[in-house]
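Bear in mind the structure is a predicted one, so any value in this text is a computation, not a measurement.
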Amino acid sequence: MRKGWLLAACVGAVCAVMGAGQTTAKGTCACGAHPPGPPKDRTVEPYAGEPADLSPYEKFSKPYYLYYTHPNIYTGSGRDIPDPKNLTEVRIGFLGPIENNPDQVSGLRMLHGAQLAVEEANARGGYGGKPFRLMLHNDYNNWQAKASYGPERPTDPGIWGSPSDEAVKMVYDDQDWAIFGSINSESTHIILRVALKAEIPIVNSASTDPTIPETYIPWYFTDLQDDRVQCFTLARRIFTELDLKRVGILRVNNRYGRMGVGKFRDASRRLGHPVVIEQKYLPGDTDFTRELKIIQGSRTDSIVLWADETETANILKQMKSLGMKQRVFGSYRTLGPDMLAAASSAAEGFEAVFPYNPTRKDPRWIAFNQRFLARYHEPPEQFASLAYDAMNALLDSICAAGLNRARIHDALADIQEYDGVTGHMVFDPNQKNVAPMYLGTVHNGAISYKLATMDKERAAQPSAGESAFSVQRTEDASVTPYARVGEDGVSYAGPQRPDVPAGPVRVVLFGPGANLVVESAAVQKQLTAGKTSGRAWELLPVASDQNWGAASTQLVHALWDENALAIIALDRNAAHLSEQLALKAFVPVVALSDDKALTSTNVPWIFRLPAGTEPAAALRMVQTAEARSGANPERLRDVLASGDDVAGAAFLSTGEPRQH
């Protein structure tokens, strides 16, 4: 469905701080008299202000080429298209979830911010006396709209066709000069592909998917910091400032959640503290007890949420009822007055990144709040405020460039810094805002904000009056390691494992000639000796000198159907496969191998003995450990990892033999 309406009179340029040559006298519109021309080449490193310790492989080698550090300059012929004659209005397409959509509340707020910018521009005279007009198109994501339409919702090709169809209508039917939207990153990706062919600017204020500007399609502009900046800022707060180590993730199971947490997982791994567990919920869910109990059982010290305000409030309240004390952090969509009102005291201590400081006393910000409240009878939140700024940047660019899509793109790409009502913005060569974010903290029923940073040194020791944004790397790559593996020890933090069922205690013997090893006199003698505990012991031989598909099937059967307590791997190859299965089955592996790579990967289930160790000796060690732990894989692992002597062997927590 698409709509459009004429939004009152007309506009003089709403010129804030733009690139050189774009500022016009207040209250006048240059109407393209002096277009800025193609953007100049420039280099901005590192990409998005990425600190050295959060950059992939930075401590090991330098890449021969860095993407996204130079502008992707449009080189087509669109600038030569003459301005149209006899227009009565200047149309701008709007694509957003404004009806029959789970995100329609946010979509309408985004629309209201854009509308207010257009209305105010029109009130000042418009484009040379012609009004700007928003042409409205609903972003109908029917793969997300089960809550609105029920199980019989449409499933025809419009599942992907909706945004592409609407984009084509905006370009060719409406004859829009630019497109504004959307919130949903799938839809934004799709209309961006249309823009590549139709050569029309896309201006966005709500999608944080970092892969959108990384398509290297030059027609995209956004004033919202993406998930890369959000996640790296959160990681710096959690791991560097607060020294937390065991983080779990709870996120919505859609693209917003999936793409959002990816950069946080990267950052946590690079800082030496990989995410302990990640749980997902479906859009529309209200009960998060199951996911929270799983996270609680994983012994996390903090939780990161990628959700919206309503879900965040429910999660915080349910955490309180479960007695969970972990610190909680969130993305920018988790924080706001709706969450605060719904969560009440359960929100105490909650922290989230935010694109600006809504509590500052800047006169422009206060005046905007008053105008928005008078017009729409609610204060502007992030979707409305960022849409207002992004629309003003677009209106400025149209006035500077004239009615030519390619030159409008040039004007947008020429913006390196911009002062909107939400504050100061810094744009990289990909035309996205990379200014530092704020950290909002709930305390005593209110949210306070402070400037945050991704930079390691500034996060640890901020200097008075110093900006949090820096594009300079200051760390010595030869001194600081890229990541830490095993220095802090390795532990298991998953759900508690039950005891193996009653009956004989079974252990898998995996390796070449496993059947013959089981029948050997030494192994049979040790099996008999193990009965002193009152339970019989049984070895399940799996030969590795057969088809590995057959061997894997037998191992899976032994672990899940026969409930084996542990695996003894007879050589290096068998040990590596056993280690992979142990990650899924949660059982200890005793590896008879000299390959130290087995214990270098932070896997808590692997314990290495020298390659010459007799299988009977390895079995005796497992039996001795079981006498202390009982027939429980997790407690058996704890005994082996304790560092205590077990039948003449002792291990570091990494699984390496302890030197006596």
- request: Check whether more than 12 heavy atoms from other residues, nucleotides or ligands sit under 6.0 Å from atom CD of Q496, and answer yes or no.
  value: no

message: Among residues at least two apart in sequence or on other chains, which ones pass salt bridge (Lys or Arg N to Asp or Glu O under 4.0 Å) with D301?
response: none

- prompt: Would a distance-only check, ignoring hydrogens and angles, find a side-chain to backbone donor-acceptor pair under 3.5 Å from S298 to I294?
  reply: yes

message: Keeping N254 on the side-chain end and G257 on the backbone end, is there a donor-acceptor pair under 3.5 Å?
response: yes

field: Flag, side chain of T240 to backbone of R237, donor-acceptor distance under 3.5 Å
entry: no

- request: Take E626 and R535 through the test salt bridge (charged side-chain N to carboxylate O under 4.0 Å, His left out) and record every step on the way to the result.
  value: CA-CA 11 Å; E626 188 274 340; R535 293 183 69 170; 5.3 Å; no

task: Report the distance from atom CZ of R628 to atom OG of S642, rounding to the nearest 0.5 Å.
output: 7.0 Å

S593 (side chain) donor-acceptor with D595 (main chain) under 3.5 angstrom: yes

field: Donor + acceptor pair across side chains of T215, H189 (<3.5 Å)
entry: no

- request: For ring-ring contact (aromatic ring centres under 6.0 Å, His included), just list the numbers for Y68 and Y216, CA-CA rounded to whole Å, side-chain angles, deciding distance to a tenth of an Å, and then say yes or no.
  value: CA-CA 8 Å; Y68 314 125; Y216 251 156; 5.2 Å; yes

Y64, OH: over 12 other non-hydrogen atoms inside 6.0 angstrom: no

message: Between T613 (side chain only) and L609 (backbone N and O only), is there a donor and an acceptor less than 3.5 Å apart?
response: no

- request: Indicate the atoms forming the closest heavy-atom contact of L577 with S552, along with that distance.
  value: CD2-OG, 3.8 Å

message: Check this for me: E614, atom CD, are more than 12 non-hydrogen atoms of other residues, nucleotides or ligands nearer than 6.0 Å?
response: no

- prompt: Can Y47 and Y67 be said to form a ring-ring contact (aromatic ring centres under 6.0 Å, His included), step by step?
  reply: CA-CA 8 Å; Y47 172 46; Y67 285 94; 10.0 Å; no

query: Short question: side chain of Q318, backbone of F288 - any donor-acceptor pair under 3.5 Å?
result: yes

message: Please check: side-chain N/O of D226 versus main-chain N/O of V229, any donor-acceptor pairing under 3.5 Å?
response: yes

- request: May I have the step-by-step check of salt bridge (charged side-chain N to carboxylate O under 4.0 Å, His left out) for E186 and R255, ending in yes or no?
  value: CA-CA 8 Å; E186 290 105 324; R255 189 177 178 92; 5.1 Å; no

Interatomic spacing from OH in Y492 to CZ in R635 - rounded to 0.5 Å: 13.0 Å

Donor-acceptor under 3.5 Å (R497 side chain, A585 main chain): yes

message: Against the six-membered ring of Y256, is R333 placed for a cation-pi contact (under 6.0 Å from the centre, within 45° of the normal)?
response: yes

message: For N314 and T286, which I'm curious about, is there any donor-acceptor pair between the side chains at under 3.5 Å?
response: no

- line: d(D308 CG, D103 CG) to nearest 0.5 Å is 6.5 Å

task: Please assess D209 against T188 for the test side chain to side chain contact (heavy atoms under 4.5 Å, CB included), listing each intermediate value before the final yes or no.
output: CA-CA 9 Å; D209 185 345; T188 307; over 6 Å; no

message: Between E634 and R299, is the salt bridge (charged side-chain N to carboxylate O under 4.0 Å, His left out) condition met? List the steps.
response: CA-CA 14 Å; E634 182 183 353; R299 307 168 198 165; 2.6 Å; yes

- request: Please round to the nearest 0.5 Å and tell me the distance separating atom CD1 of I315 and atom CE of M319.
  value: 9.0 Å

query: Does any N or O in the side chain of R637 come within less than 3.5 Å of the main-chain N or O of P604, such that one atom is a donor and the other an acceptor?
result: yes

query: How long is the span from the OG atom in S302 to the NZ atom in K245, to the nearest 0.5 Å?
result: 10.5 Å

message: With a 3.5 Å distance limit and no angle check, can you tell me whether S55 reaches the backbone of P51 through a side-chain donor-acceptor pair?
response: no

query: For E214 and R228, what are the C-alpha separation, side-chain angles and deciding distance, and is it a salt bridge (charged side-chain N to carboxylate O under 4.0 Å, His left out)?
result: CA-CA 12 Å; E214 290 171 0; R228 179 186 301 272; 2.9 Å; yes

query: Which heavy atom in M621 sits nearest to a heavy atom in L640, and how many Å separate them?
result: CE-CD2, 4.2 Å

- prompt: Quick one: CZ on R236 to CG on D455, what's the gap to the nearest 0.5 Å?
  reply: 6.5 Å

message: According to ring-ring contact (aromatic ring centres under 6.0 Å, His included), does anything in residues 624-657 pair up with another residue at least two apart or in another chain? List the pairs.
response: F607-F651

task: Identify the two heavy atoms, one from E562 and one from A558, that lie closest to each other, and give their separation to 0.1 Å.
output: CB-O, 3.2 Å

